[in-house]
Every structure is written in structure tokens, then in C-alpha cells.
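What follows is a short report on a single structure.
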Amino acid sequence: DAKTTQPTSMDCAEGRAANLPCNHSTISGNEYVYWYRQIHSQGPQYIIHGLKNNETNEMASLIITEDRKSSTLILPHATLRDTAVYYCIVRVAGWGGGNKLTFGTGTQLKVEL
Amino acid sequence: NAGVTQTPKFRVLKTGQSMTLLCAQDMNHEYMYWYRQDPGMGLRLIHYSVGEGTTAKGEVPDGYNVSRLKKQNFLLGLESAAPSQTSVYFCASRSYDEQFFGPGTRLTVL
């Protein structure tokens, strides 16, 4: 699976949009970009994933650049409960090879009043 | 649905003791995973299973064994615990698009 690079930490004011970047310059054509988050001491939680088109769900939006070498996770109106470590992961879709997730160290997002 | 549950939540062992961590899921998922997370680090895959009766090694399998006798359960065993196995252990099961994680087991080996 392709390696990802994320900033170690970011701050965001409550109510503002949080934009979390991820670089994945070696991504392959059949690899998806996944985002998970881990609120302190809890198990990780799935947020969103995409291949090449922008995606939106009730939690967030995912913007993937046209060359697919980077992406941005957007939390449109961050709240204190969004304070967490956010992991950007790339992996091949489907069921082959156990479809393992490789977690880096992620971005620690701190939402403040 | 309870989702993914883990037993126990906390455990303290002495070096050389053995124990089994239980993971259960009620979502009828084929794939299940065991991870460990050390302070300040991301999760690392220990073992995984792609179905009942099958298991495979992950990134850091040494010192651990697993069994998947029933589809809904995935057991992680430590035969002879070492202080280096002090960690938080997370279990997960997988649907097509996402993994669902349990709340974790905090294990301390003295």
C-alpha cells in the first residue's frame, strides 16, 4: 500500500472548517484514500473514503486532487467533539489479501473555543 | 446491535503469565483483525482472519497466537507475556468499505 504523509498536529476554532491535508504521491490507480479518526482512548472510527471523485457524507467531505497525489479531509463546522487523531490511509479496494489498513501516526486535530 | 465488543477492558499480568483476549462481533462479518497500539503510535496489525477457521500473520505477530473457531469470535492469546507486550489492543471486523473497531483492552505486563 502507498505511504501517506500528514502534519503532526493542527488547531481549529470551534465552528470553523477544519481542513486536514494528506500526501500520497505514490498512490496506485486501484488504491482508495480512506480517513479514520481516533478520539482519545477509543477505537478508530471510519469517516469517509474515495477513489478520484470528491465525496461527501454526514461527517465530512473528501477532496482528492486530479493527479490523486494528495487529498484534504474537510470537517465543515468543527466542534470540540471532533478533537481526535485523524488517519489518512490508502489501500486497494476489494477483499484480496486481507485488505489490511496500515496506520501511520496521523494528525492530532485540536478544536478550541 | 452491539457491534464489536472486547473482553476484558483492563488486565494486569506478570511476566510469563498467559491470557486470552476475546473479540466478538454481531455484524456477520467475515474479516476480523487484531491490532496493538503503543503510546504515541498508530495501530499495528498483529493477526487477521478472512473467515471462520482461517488466520494469517500481520505486521507484528511474534509472541501472539489467534483462533477463529466461530465466525463471530476472534481470540488473541499471549502464551508467555513480556513487558514489551504492554499496550492497548484493538479488535476490528470489516464490511466491504469500512472496519469497525472495538473499545480496546488495556494490558499491562509487569
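The chains referred to below are lettered A, B, ... by the order of the sequence lines, with proteins before strands, and numbering in each begins at 1.
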note = CG of Leu21(B) to OG1 of Thr105(B), rounded to nearest 0.5 Å, is 4.5 Å
remark   = Bottom line for Arg106(B): the part with an atom under 4.5 Å from chain A's heavy atoms is side chain
ask   = What part of Glu59(B) gets closer than 4.5 Å to chain A, counting heavy atoms only: side chain, backbone, both or neither?
value = neither
message = For a quick test of reading the model, state the closest non-hydrogen atom pair linking Val85(A) to Thr105(A) and the distance between them.
response = CG1-O, 3.6 Å
message = Any donor-acceptor pair under 3.5 Å linking the side-chain atoms of Thr65(A) with those of Asp67(A)?
response = yes
inquiry  = Heavy-atom cut-off 4.5 Å, strictly under: side chain, backbone, both or neither for Phe100(B) against chain A?
reply    = neither
key: Distance in Å, Asp82(A) CG paired with Arg37(A) CZ, rounded so as to fall on 0.5 Å steps   = 5.0 Å
ask   = Between Leu43(B) and chain A, which part of the residue has a heavy atom less than 4.5 Å away: side chain, backbone, both or neither?
value = both
query = Arg94(B) and Gln99(B): side-chain hydrogen bond (donor to acceptor under 3.5 Å, both in side chains), yes or no, with the steps?
reply = CA-CA 4 Å; Arg94(B) 183 183 166 229; Gln99(B) 288 192 16; over 6 Å; no
Contact class of Gln38(A) relative to chain B, heavy atoms under 4.5 angstrom = side chain
query = Where does Tyr34(A) contact chain B at under 4.5 Å (heavy atoms): side chain, backbone, both or neither?
reply = side chain
